[in-house]
K.L.:
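I'd like to ask you about the structure that follows.
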Amino acid sequence: MMKDMENRPSWSSQFAFIISTIGSAIGLGNIWRFPYIMGKNGGAIFLIIYLILILFICSIPLLAELILGKISQKNTLGAYCSINPKFEAFGWLNVISTIMISSFYFVVGGWVIYYILKSFTLNQITDFGQYFTNFVSGTYTPILFTLFFLFICIFFIYRGVNQGIETANKIMMPALGVLLIVLVAVSLNLPNAHLGLKFMFSPDFSEIDFSMLLAALGQALFTLSIGMGTILTYGSYLKKEDNIAKSAFTIIVADTIFAILAGVMIFPAVFSFGLQPDSGASLVFITLPKIFAQMQYGGLVALGFFFLLFFAALTSGISIVEVPVAVMIEKFNISRKKAAAIMFAIIGLLSVPVTLSFSALKDFKILGKTLFDLFDFTTANILMPVSSMIVCLVVGWCLNLANDYVFKSKTLHNIFIFMMKYILPILFIILIITGLMG
Ligand code: PHE
């Protein structure tokens, strides 16, 4: 039995919705994933392609999720069911994806907390690669930090949409903005900072290839939190009269500016210290600490940077866990507090073996991947595009939006519907097939 709709929470204002959704979008994806994927895929040219994809392609499933949430005013399971009870499985797909993504996202969140605590002692380290490996291959410490990070997320969820989620975002997002601007200024003042800017902003068109396109599309989906039911769930707490096209635009612009500024913070520093920009996932945990250790006031800069990462990861983590929590509350008619406690137990249990992917379970591989890599790969390359395709198909084909204009312009509205019905599903199929082969 569904819980009484009158008890359903809603955002206290449109601003609360926008800042919380921006909080969901801006996360490890912007600061950890974006710079290293861009570093590996040719810098400036990747950035151009990414911007085009974000604006013209990924905005469409973003809007589709928002529409489905706002119209149904239900959690992801209820939203799909309200269109056709046979679609319940699509909602479950979101529940499974969010549980899977959280069990590796929170592992990285745990690493961030650990590095916050180590900010002022980074200059005592000699081999940063070894230091990182030693930490993640430990048994108890990484598990403890993962659970601690999860606990903080659950705390805000437990307090509810207004008292918890909104409050967290209203405090942490401005703090995040200020930290980022300060760190960008520090980085731009380093010697040879212009080399990093050149890497980011002067494109080499010969580097374009198909794999870069896919990487850009995958990153664009990940960063906008699309394909998890997160945007749908946040959209469902909107009041019926709220304008979504404008909000979607604001969210996209904020997320993109943030990703670019994260690059402007990281690349000048990397080039200034003569390091390589394409070191992959370790950029943030190995390359940057090495830079902080050599910098003036490096401890303080490191502290600022890891706090920035922490706030970004936390506000996204909260939005991920809210998806299954909303389902539990409304589908099984239990209290938010109980639902939050149950999710703490489930995600906590699952994240233990994922954390151990770097130690005791290092050799436990499925399809040649450790659990950490498997969860990362399956969610970003398969589940997110599959669910993005589904939401476009369902909203495009099953909802009658003829009287419910998303855009004021009729032409824009028709283009949007056409893209949702035909173009996006085809694009996603290509993405999924190539993803599976990769
Ligand atoms: N958008 C978040 C980031 O950039 C990650 C995320 C994915 C959050 C899916 C929610 C859902 O880190």
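Keep in mind it's a predicted model, so treat the numbers as computed, not measured. In each ligand, atom 1 is the first atom listed, and ligand 1 is the first ligand listed.
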K.L.:
Identify all pairs of nitrogen or oxygen atoms, one from ligand 1 and one from the protein, separated by less than 3.5 Å, and list them with distances.
P.N.:
from: ligand 1; atom 1: 1 (N); to: S24; atom 2: O; distance (Å): 3.2
from: ligand 1; atom 1: 1 (N); to: A25; atom 2: O; distance (Å): 3.0
from: ligand 1; atom 1: 1 (N); to: F222; atom 2: O; distance (Å): 2.9
from: ligand 1; atom 1: 1 (N); to: T223; atom 2: O; distance (Å): 3.1
from: ligand 1; atom 1: 1 (N); to: S225; atom 2: OG; distance (Å): 3.0
from: ligand 1; atom 1: 4 (O); to: A25; atom 2: O; distance (Å): 2.9
from: ligand 1; atom 1: 4 (O); to: G29; atom 2: N; distance (Å): 3.3
from: ligand 1; atom 1: 4 (O); to: N30; atom 2: OD1; distance (Å): 3.4
from: ligand 1; atom 1: 12 (O); to: L28; atom 2: N; distance (Å): 3.1
from: ligand 1; atom 1: 12 (O); to: G29; atom 2: N; distance (Å): 2.8
from: ligand 1; atom 1: 12 (O); to: Y105; atom 2: OH; distance (Å): 2.6

K.L.:
What pairs with Q276 under side chain to side chain donor-acceptor pair (under 3.5 Å), at least two apart in sequence or on another chain?
P.N.:
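Testing Q276 for side chain to side chain donor-acceptor pair (under 3.5 Å), a comparison that skips the adjacent residues, returns none.
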K.L.:
Output a table of donor-acceptor pairs, distance under 3.5 Å, between side-chain atoms of residues 344-355 and any protein atom two or more places apart or on a different chain; print 'none' if there are none.
P.N.:
from: S351; atom 1: OG; to: I347; atom 2: O; distance (Å): 3.1
from: S351; atom 1: OG; to: G348; atom 2: O; distance (Å): 3.0
from: T355; atom 1: OG1; to: S351; atom 2: O; distance (Å): 2.5

K.L.:
Looking only at side chains, do N94 and S387 share a donor and an acceptor under 3.5 Å apart?
P.N.:
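Note: N94 and S387 side chains meet the donor-acceptor criterion.
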K.L.:
To check you understand the geometry: which heavy-atom pair defines the closest contact between S12 and K239, and what is its length?
P.N.:
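In terms of heavy atoms, the two residues are closest at O-NZ, 4.3 Å.
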K.L.:
Could you list all the salt bridge (charged side-chain N to carboxylate O under 4.0 Å, His left out) pairs where at least one residue sits in residues 336-353, not counting sequence neighbours?
P.N.:
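The answer is E322-R336.
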K.L.:
F306 and F311: side chain to side chain contact (heavy atoms under 4.5 Å, CB included), yes or no, with the steps?
P.N.:
CA-CA 9 Å; F306 286 112; F311 289 155; over 6 Å; no
